[in-house]
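Below you'll find the structure, written out as structure tokens, and then a few comments.
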Amino acid sequence: MTGTATARPRRGLILLGILALAGVALFTSLGVWQVERLFWKLDLIQRVEERAQAAPVSAPGPEDWPAVTAASQEYRRVSVTGRFLNDRETLVQAVTERGGGFWVLTPLRTDRGFTVLVNRGFVPPDRRAPDSRTAGLVASDTTVTGLLRVTEPGGGFLRSNDPAGERWYSRDVAAIAAARGVTEAAPYFIDAEASPEGGYPVGGLTVLKFRNNHLVYALTWVALDLMLIAAAIYVARSEWKRRR
């Protein structure tokens, strides 16, 4: 009986030790992962800032479309020349620093033969009708400069795009192009810069700030790691003293 009674606490301590080691391994791995995410986010922020502030380059043509990805091209400053297809614009719901309203996405038929969707900017609800902002309906060839953005397929949070009902919650390039009968459409869109003439749509509202809480998360996991180690040491010492 004495041997059995002694073995039970010992098995309990072994189990507790295994659980503590597993917890330490888990918290350590999560801390390391957050540190890796921290360096990834810092690199992303640096790349975005460099791309957004660089001199504009020519927007990628069909020969370059397969290589267009968020990692390689998003937020790159580009320019393209062509003519807006004003009768095929699409309004996408938006929430900006100016409040709620819509992004105005208009196809631009480029002088290079392909079409690219241009997010010309924001309009409030009372400016959603094209005839309420006729000054912004450019009918001649124009050059657009802005930031290259990757498509946003599907819709917004808990809301799917409804092309038939003309309800758009994300800038889904393929779906918008199909709904407007646009062929040879680029797989990206361009966020136009603010127009020096002002008026609507209001361009240049691309948000370039990224949340970066990874250091806080990493420190949290490290703190939990240290607390678990301290608790395991305390239990082990208490048991050792009790046995003595």
Side-chain angles (χ1 to χ4, degrees), residues 47-48 50-94 102-123 128-131 133-155 161-164 166 168-197 199-206 208:
R47 282 189 286 114
V48 167
E50 290 175 352
R51 292 174 183 176
Q53 296 172 10
V57 297
S58 183
E63 66 280 3
D64 299 316
W65 291 349
V68 174
T69 63
S72 65
Q73 298 290 334
E74 190 162 32
Y75 298 106
R76 189 176 299 282
R77 196 159 174 249
V78 299
S79 65
V80 65
T81 299
R83 179 167 296 195
F84 282 116
L85 306 179
N86 292 304
D87 59 333
R88 304 190 194 187
E89 75 172 28
T90 299
L91 299 178
V92 179
Q93 286 199 0
F102 302 90
W103 298 122
V104 179
L105 267 70
T106 308
L108 180 81
R109 186 65 179 174
T110 72
D111 56 5
R112 293 156 59 191
F114 64 92
T115 303
V116 60
L117 286 180
V118 176
N119 176 16
R120 301 186 62 198
F122 171 82
V123 293
R128 63 180 300 167
D131 58 8
R133 42 185 165 82
T134 52
L137 299 179
V138 182
S140 58
D141 285 355
T142 185
T143 297
V144 174
T145 300
L147 301 181
L148 186 151
R149 303 294 307 280
V150 297
T151 184
E152 301 168 347
N161 291 327
D162 179 13
E166 284 298 321
W168 299 92
Y169 304 103
S170 72
R171 292 164 290 192
D172 186 334
V173 171
I176 292 174
R180 296 293 176 262
V182 174
T183 58
E184 295 183 86
Y188 58 86
F189 64 94
I190 297 174
D191 272 351
E193 295 179 351
S195 170
E197 290 82 17
Y200 293 103
V202 179
L205 298 181
T206 307
L208 294 176

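Because only heavy atoms are used, hydrogens play no part in the values below, and waters and symmetry mates are left out as well, while side chains stay in. The model shown is predicted, which means the values in this text are computed figures rather than measured ones.
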Looking at D87, V118, L117, which one forms a side-chain contact (heavy atoms from CB on, under 4.5 Å) with P107? L117

Indicate the atoms forming the closest heavy-atom contact of P62 with F114, along with that distance. CD-CD2, 3.7 Å

Is L108 close to F84 at the side-chain level, that is, under 4.5 Å between some pair of heavy atoms? yes

Compare all side-chain heavy atoms of V92 with those of I176 and state whether any distance is below 4.5 angstrom. yes

Does a side-chain N-to-carboxylate-O contact under 4.0 Å join E166 and R128? no

Give me the atom names and distance for the closest heavy-atom approach of F189 to V173. CD2-CG2, 3.9 Å

What are the two closest heavy atoms between S170 and G154, and how far apart are they? OG-C, 4.1 Å

Just how far is it from atom CD of E152 to atom CZ of R171, taken to the nearest 0.5 Å? 4.0 Å

Test side-chain contact (heavy atoms from CB on, under 4.5 Å), reference R180, set T115, L105, T90, output is T90

To the closest 0.5 Å, what do you measure between CD (E193) and CZ (R120)? 14.5 Å

Side chains of Y188 and V116: closer than 4.5 Å at any heavy-atom pair? yes

Nearest heavy-atom pair of W65 and P60: which atoms, and what distance? NE1-O, 3.0 Å

Side-chain touch P56/V78, heavy atoms, less than 4.5 angstrom: no

Looking at every non-hydrogen atom in both residues, tell me the closest pair between A67 and S72 and how far apart they are. O-OG, 3.0 Å

Without swapping roles, check the side chain of R109 against the backbone of R83 for a donor-acceptor pair under 3.5 Å. no

Verify the distance criterion only: is there a donor paired with an acceptor across the side chains of S58 and R112 at less than 3.5 Å? yes

Return the CD1 to CG distance between I190 and L148, rounded to the nearest 0.5 Å. 6.5 Å

Test log, rule side chain to side chain contact (heavy atoms under 4.5 Å, CB included), inputs R149 and E74: CA-CA 5 Å; R149 303 294 307 280; E74 190 162 32; 3.2 Å; yes

What pair of heavy atoms forms the shortest contact from S79 to T145, and how long is it? CB-OG1, 3.6 Å

CG of D111 to OG1 of T143: how many Å apart, nearest 0.5 Å? 8.0 Å

Answer yes if the side chains of N86 and T106 hold a donor-acceptor pair under 3.5 Å, and no otherwise. no

Under a 4.5 Å cut-off applied to non-hydrogen side-chain atoms, are W103 and F122 in contact? yes

Can you tell me how far apart OH (Y169) and CG (N161) are? Round to the nearest 0.5 Å. 8.5 Å

Distance, nearest 0.5 Å, that separates CG of N119 from CG of D191: 4.5 Å

So do D172 and T151 actually touch side chain to side chain, heavy atoms under 4.5 Å? yes

